[in-house]
Amino acid sequence: MGSVLDAIDEDLKAWIESQRVFFVASAPLSADGHVNVSPKGLDTFRVLDSHTVRYLDLTGSAAETIAHLRENGRITVMFCAFDGPPKIVRLFGAGTAHLVGSLGFDERIAVFDDVPHSTRAVVDVAVDRIQSSCGFGVPLMDLVGPRDRLTAWEEARSAAELVEYRARKNATSIDGLVAFGDQSSASG
(Lines give C-alpha, C1' and ligand atoms only; values in the text may rest on other atoms or scores of the structure.)
Protein backbone atom coordinates (compact mmCIF):
# COMPACT_ATOMS: atom_id res chain seq x y z
CA MET A 1 0.00 0.00 0.00
CA GLY A 2 1.32 3.49 0.83
CA SER A 3 4.59 4.64 2.32
CA VAL A 4 6.60 7.75 3.13
CA LEU A 5 9.80 7.98 1.13
CA ASP A 6 13.07 9.58 2.21
CA ALA A 7 13.86 11.23 -1.11
CA ILE A 8 13.12 11.38 -4.80
CA ASP A 9 15.60 8.81 -6.11
CA GLU A 10 16.49 8.28 -9.79
CA ASP A 11 13.76 5.66 -10.34
CA LEU A 12 11.06 7.90 -8.84
CA LYS A 13 12.40 10.90 -10.78
CA ALA A 14 12.09 8.95 -14.04
CA TRP A 15 8.55 7.83 -13.15
CA ILE A 16 7.46 11.36 -12.17
CA GLU A 17 8.89 12.94 -15.29
CA SER A 18 7.21 10.33 -17.50
CA GLN A 19 3.70 11.23 -16.26
CA ARG A 20 1.71 13.27 -18.76
CA VAL A 21 -0.47 15.07 -16.20
CA PHE A 22 -0.03 16.21 -12.60
CA PHE A 23 -2.22 18.02 -10.12
CA VAL A 24 -1.33 20.97 -7.89
CA ALA A 25 -3.25 21.66 -4.67
CA SER A 26 -3.05 24.79 -2.53
CA ALA A 27 -5.23 26.69 -0.08
CA PRO A 28 -5.42 30.08 1.61
CA LEU A 29 -4.91 30.43 5.35
CA SER A 30 -8.53 31.52 5.84
CA ALA A 31 -10.77 28.71 7.09
CA ASP A 32 -13.53 29.84 4.73
CA GLY A 33 -11.21 30.24 1.74
CA HIS A 34 -11.36 27.93 -1.24
CA VAL A 35 -9.04 24.95 -1.61
CA ASN A 36 -7.75 24.77 -5.18
CA VAL A 37 -6.70 21.78 -7.29
CA SER A 38 -5.32 22.45 -10.76
CA PRO A 39 -4.48 19.91 -13.45
CA LYS A 40 -1.24 20.56 -15.33
CA GLY A 41 0.08 19.06 -18.52
CA LEU A 42 2.47 19.53 -21.40
CA ASP A 43 6.18 19.11 -20.65
CA THR A 44 6.22 21.54 -17.72
CA PHE A 45 7.63 19.58 -14.75
CA ARG A 46 11.21 18.86 -13.64
CA VAL A 47 12.80 17.14 -10.64
CA LEU A 48 15.87 19.18 -9.73
CA ASP A 49 17.18 17.04 -6.87
CA SER A 50 16.01 14.66 -4.16
CA HIS A 51 13.88 17.33 -2.45
CA THR A 52 13.35 20.08 -5.05
CA VAL A 53 10.99 20.20 -8.02
CA ARG A 54 10.02 22.92 -10.48
CA TYR A 55 7.16 23.49 -12.88
CA LEU A 56 6.07 26.14 -15.34
CA ASP A 57 2.88 27.98 -14.48
CA LEU A 58 1.07 28.93 -17.67
CA THR A 59 -1.39 31.77 -18.18
CA GLY A 60 -4.91 30.57 -17.52
CA SER A 61 -8.33 31.67 -16.43
CA ALA A 62 -7.37 31.94 -12.76
CA ALA A 63 -4.31 32.29 -10.54
CA GLU A 64 -5.28 30.54 -7.31
CA THR A 65 -2.00 28.67 -6.81
CA ILE A 66 0.13 31.79 -7.28
CA ALA A 67 -2.05 33.73 -4.81
CA HIS A 68 -1.89 30.94 -2.23
CA LEU A 69 1.87 30.61 -2.59
CA ARG A 70 2.31 34.34 -2.14
CA GLU A 71 0.21 34.17 1.03
CA ASN A 72 1.52 31.01 2.70
CA GLY A 73 3.64 28.83 0.40
CA ARG A 74 1.79 25.55 1.09
CA ILE A 75 1.53 23.24 -1.90
CA THR A 76 1.03 19.58 -2.78
CA VAL A 77 1.81 18.09 -6.18
CA MET A 78 0.20 14.75 -7.07
CA PHE A 79 0.95 12.26 -9.83
CA CYS A 80 -1.21 9.25 -10.77
CA ALA A 81 -0.27 6.35 -13.02
CA PHE A 82 -2.92 6.10 -15.73
CA ASP A 83 -1.03 3.28 -17.42
CA GLY A 84 1.30 0.54 -16.17
CA PRO A 85 1.31 -0.53 -12.52
CA PRO A 86 -1.00 1.46 -10.20
CA LYS A 87 0.77 4.22 -8.28
CA ILE A 88 0.11 7.63 -6.75
CA VAL A 89 2.85 9.95 -5.49
CA ARG A 90 2.28 13.16 -3.55
CA LEU A 91 4.98 15.76 -2.98
CA PHE A 92 4.21 18.04 -0.04
CA GLY A 93 6.20 21.20 0.52
CA ALA A 94 6.71 24.93 0.37
CA GLY A 95 6.38 26.61 -3.00
CA THR A 96 7.74 29.87 -4.32
CA ALA A 97 6.44 31.51 -7.47
CA HIS A 98 8.97 33.41 -9.58
CA LEU A 99 7.03 35.64 -11.95
CA VAL A 100 8.11 36.43 -15.50
CA GLY A 101 10.63 39.24 -15.36
CA SER A 102 11.56 38.67 -11.71
CA LEU A 103 15.16 38.29 -10.58
CA GLY A 104 16.44 34.82 -11.48
CA PHE A 105 13.47 33.88 -13.68
CA ASP A 106 15.56 33.39 -16.81
CA GLU A 107 18.00 31.09 -15.00
CA ARG A 108 15.12 29.03 -13.60
CA ILE A 109 13.50 28.37 -16.97
CA ALA A 110 16.81 27.10 -18.38
CA VAL A 111 15.98 23.53 -17.20
CA PHE A 112 13.09 23.42 -19.71
CA ASP A 113 13.75 22.70 -23.38
CA ASP A 114 10.68 24.45 -24.73
CA VAL A 115 9.13 27.27 -22.70
CA PRO A 116 5.58 28.13 -23.80
CA HIS A 117 4.95 31.78 -24.69
CA SER A 118 2.19 31.84 -22.06
CA THR A 119 4.51 31.01 -19.14
CA ARG A 120 3.69 33.47 -16.38
CA ALA A 121 5.81 32.00 -13.56
CA VAL A 122 8.19 29.27 -12.54
CA VAL A 123 7.18 27.51 -9.33
CA ASP A 124 9.89 25.94 -7.18
CA VAL A 125 8.83 23.47 -4.49
CA ALA A 126 11.02 22.55 -1.53
CA VAL A 127 9.66 19.06 -0.87
CA ASP A 128 9.44 18.09 2.81
CA ARG A 129 7.32 14.93 2.50
CA ILE A 130 7.12 12.33 -0.26
CA GLN A 131 4.26 9.87 0.03
CA SER A 132 3.28 7.04 -2.27
CA SER A 133 0.04 5.09 -2.28
CA CYS A 134 -1.44 2.23 -4.26
CA GLY A 135 -3.57 3.94 -6.87
CA PHE A 136 -5.74 0.84 -7.18
CA GLY A 137 -8.81 3.00 -7.81
CA VAL A 138 -7.22 5.09 -10.59
CA PRO A 139 -8.51 3.93 -14.01
CA LEU A 140 -6.27 2.72 -16.80
CA MET A 141 -6.43 5.27 -19.61
CA ASP A 142 -4.91 5.66 -23.06
CA LEU A 143 -3.29 8.97 -23.98
CA VAL A 144 -4.70 10.34 -27.22
CA GLY A 145 -2.33 13.32 -27.23
CA PRO A 146 -1.91 16.82 -25.90
CA ARG A 147 -4.60 19.41 -26.52
CA ASP A 148 -3.52 22.26 -28.76
CA ARG A 149 -6.04 24.87 -27.53
CA LEU A 150 -3.66 26.55 -25.03
CA THR A 151 -0.84 26.66 -27.56
CA ALA A 152 -3.12 28.14 -30.24
CA TRP A 153 -4.57 30.65 -27.75
CA GLU A 154 -1.16 31.82 -26.56
CA GLU A 155 0.38 31.99 -30.04
CA ALA A 156 -2.42 34.33 -31.14
CA ARG A 157 -1.37 36.85 -28.47
CA SER A 158 1.67 39.06 -28.07
CA ALA A 159 3.66 39.21 -24.84
CA ALA A 160 2.01 42.57 -24.09
CA GLU A 161 -1.46 41.07 -24.61
CA LEU A 162 -0.64 38.24 -22.17
CA VAL A 163 0.55 40.76 -19.57
CA GLU A 164 -2.70 42.71 -20.01
CA TYR A 165 -4.74 39.49 -19.74
CA ARG A 166 -2.99 38.55 -16.47
CA ALA A 167 -3.56 42.05 -15.08
CA ARG A 168 -7.26 41.83 -15.97
CA LYS A 169 -8.04 38.15 -15.23
CA ASN A 170 -5.30 36.97 -12.82
CA ALA A 171 -4.81 39.94 -10.47
CA THR A 172 -6.44 38.24 -7.48
CA SER A 173 -7.71 34.83 -6.41
CA ILE A 174 -11.40 34.06 -6.00
CA ASP A 175 -10.89 34.82 -2.28
CA GLY A 176 -9.34 38.23 -3.03
CA LEU A 177 -5.69 37.31 -2.44
CA VAL A 178 -3.09 39.03 -4.63
CA ALA A 179 -1.82 36.85 -7.46
CA PHE A 180 -0.55 39.06 -10.29
CA GLY A 181 -1.92 42.37 -8.99
CA ASP A 182 0.65 44.11 -6.82
CA GLN A 183 3.84 42.47 -8.03
CA SER A 184 6.04 44.55 -5.71
CA SER A 185 5.89 41.72 -3.16
CA ALA A 186 6.36 38.92 -5.69
CA SER A 187 9.01 36.35 -4.95
CA GLY A 188 12.02 36.44 -7.12
Side-chain angles (χ1 to χ4, degrees), residues 19-46 48 52-80 91-127 144-188:
Q19 302 310 302
R20 302 300 298 244
V21 65
F22 62 99
F23 302 88
V24 175
S26 62
L29 292 175
S30 172
D32 61 350
H34 293 82
V35 175
N36 184 64
V37 179
S38 295
K40 308 289 183 186
L42 305 173
D43 184 24
T44 59
F45 194 89
R46 297 291 182 274
L48 302 181
T52 311
V53 299
R54 174 174 293 159
Y55 73 89
L56 297 176
D57 183 77
L58 307 180
T59 299
S61 59
E64 303 311 298
T65 303
I66 298 296
H68 296 158
L69 293 180
R70 290 183 73 175
E71 183 195 37
N72 63 59
R74 297 179 307 159
I75 190 167
T76 300
V77 182
M78 184 180 79
F79 300 87
C80 303
L91 307 174
F92 300 86
T96 305
H98 306 277
L99 307 182
V100 169
S102 66
L103 184 63
F105 176 83
D106 290 338
E107 292 80 18
R108 287 180 173 89
I109 63 167
V111 301
F112 297 93
D113 299 325
D114 186 26
V115 177
H117 177 59
S118 64
T119 299
R120 62 185 177 187
V122 171
V123 175
D124 285 334
V125 180
V127 178
V144 173
R147 295 180 190 270
D148 63 358
R149 294 282 308 253
L150 179 60
T151 304
W153 179 85
E154 68 158 355
E155 288 176 354
R157 284 153 183 79
S158 68
E161 288 172 313
L162 288 172
V163 168
E164 186 277 328
Y165 178 90
R166 289 189 290 265
R168 189 169 35 86
K169 296 279 195 173
N170 299 158
T172 61
S173 73
I174 58 177
D175 296 316
L177 298 174
V178 173
F180 287 90
D182 172 23
Q183 294 191 19
S184 65
S185 62
S187 301

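Note that these values count all heavy atoms, side chains included, but never hydrogens, waters or copies made by symmetry.
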Matching residue for F79 among F22, F23, Y55 - test: ring pair (Phe, Tyr, Trp, His ring centres under 6.0 Å):
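So, applying the ring pair (Phe, Tyr, Trp, His ring centres under 6.0 Å) to F79 and each of F22, F23, Y55, only F22 qualifies.
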I need the minimum non-hydrogen distance between [X] and [Y], along with the two atoms involved.
| X | Y | answer |
| --- | --- | --- |
| E154 | H117 | OE1-N, 2.8 Å |
| W153 | T59 | CH2-CG2, 3.8 Å |
| I75 | L69 | CB-CD2, 3.9 Å |
| I66 | A121 | CD1-CB, 4.0 Å |

Given 3.5 Å as the limit, does a donor-acceptor pair link the side chain of [X] with the main chain of [Y], or not?
| X | Y | answer |
| --- | --- | --- |
| S173 | D175 | yes |
| E71 | L29 | yes |
| R120 | L58 | yes |
| R54 | V123 | no |
| D124 | G95 | no |

Given side chains that start at C-beta, do those of V111 and L48 come closer than 4.5 Å, heavy atoms only?
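Yes - at least one pair of side-chain heavy atoms lies under 4.5 Å apart.
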Mind checking side chain to side chain contact (heavy atoms under 4.5 Å, CB included) for [X] and listing every partner two or more places apart, or none if nothing turns up?
| X | value |
| --- | --- |
| T172 | none |
| S38 | N36, K40, T65 |
| E161 | R157, S158 |

Before you tell me yes or no, could you show the steps for S30 and D32 under side chain to side chain donor-acceptor pair (under 3.5 Å), namely the whole-Å CA-CA distance, both residues' side-chain angles and the distance that decides it to 0.1 Å?
CA-CA 5 Å; S30 172; D32 61 350; 2.3 Å; yes
Decide yes or no on side chain to side chain donor-acceptor pair (under 3.5 Å) for R74 and S26, but give the supporting numbers first.
CA-CA 6 Å; R74 297 179 307 159; S26 62; over 6 Å; no
Over 12 foreign heavy atoms within 6.0 Å of CZ, R147:
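Counting other residues, nucleotides and ligands, CZ of R147 stays at 12 neighbours or fewer.
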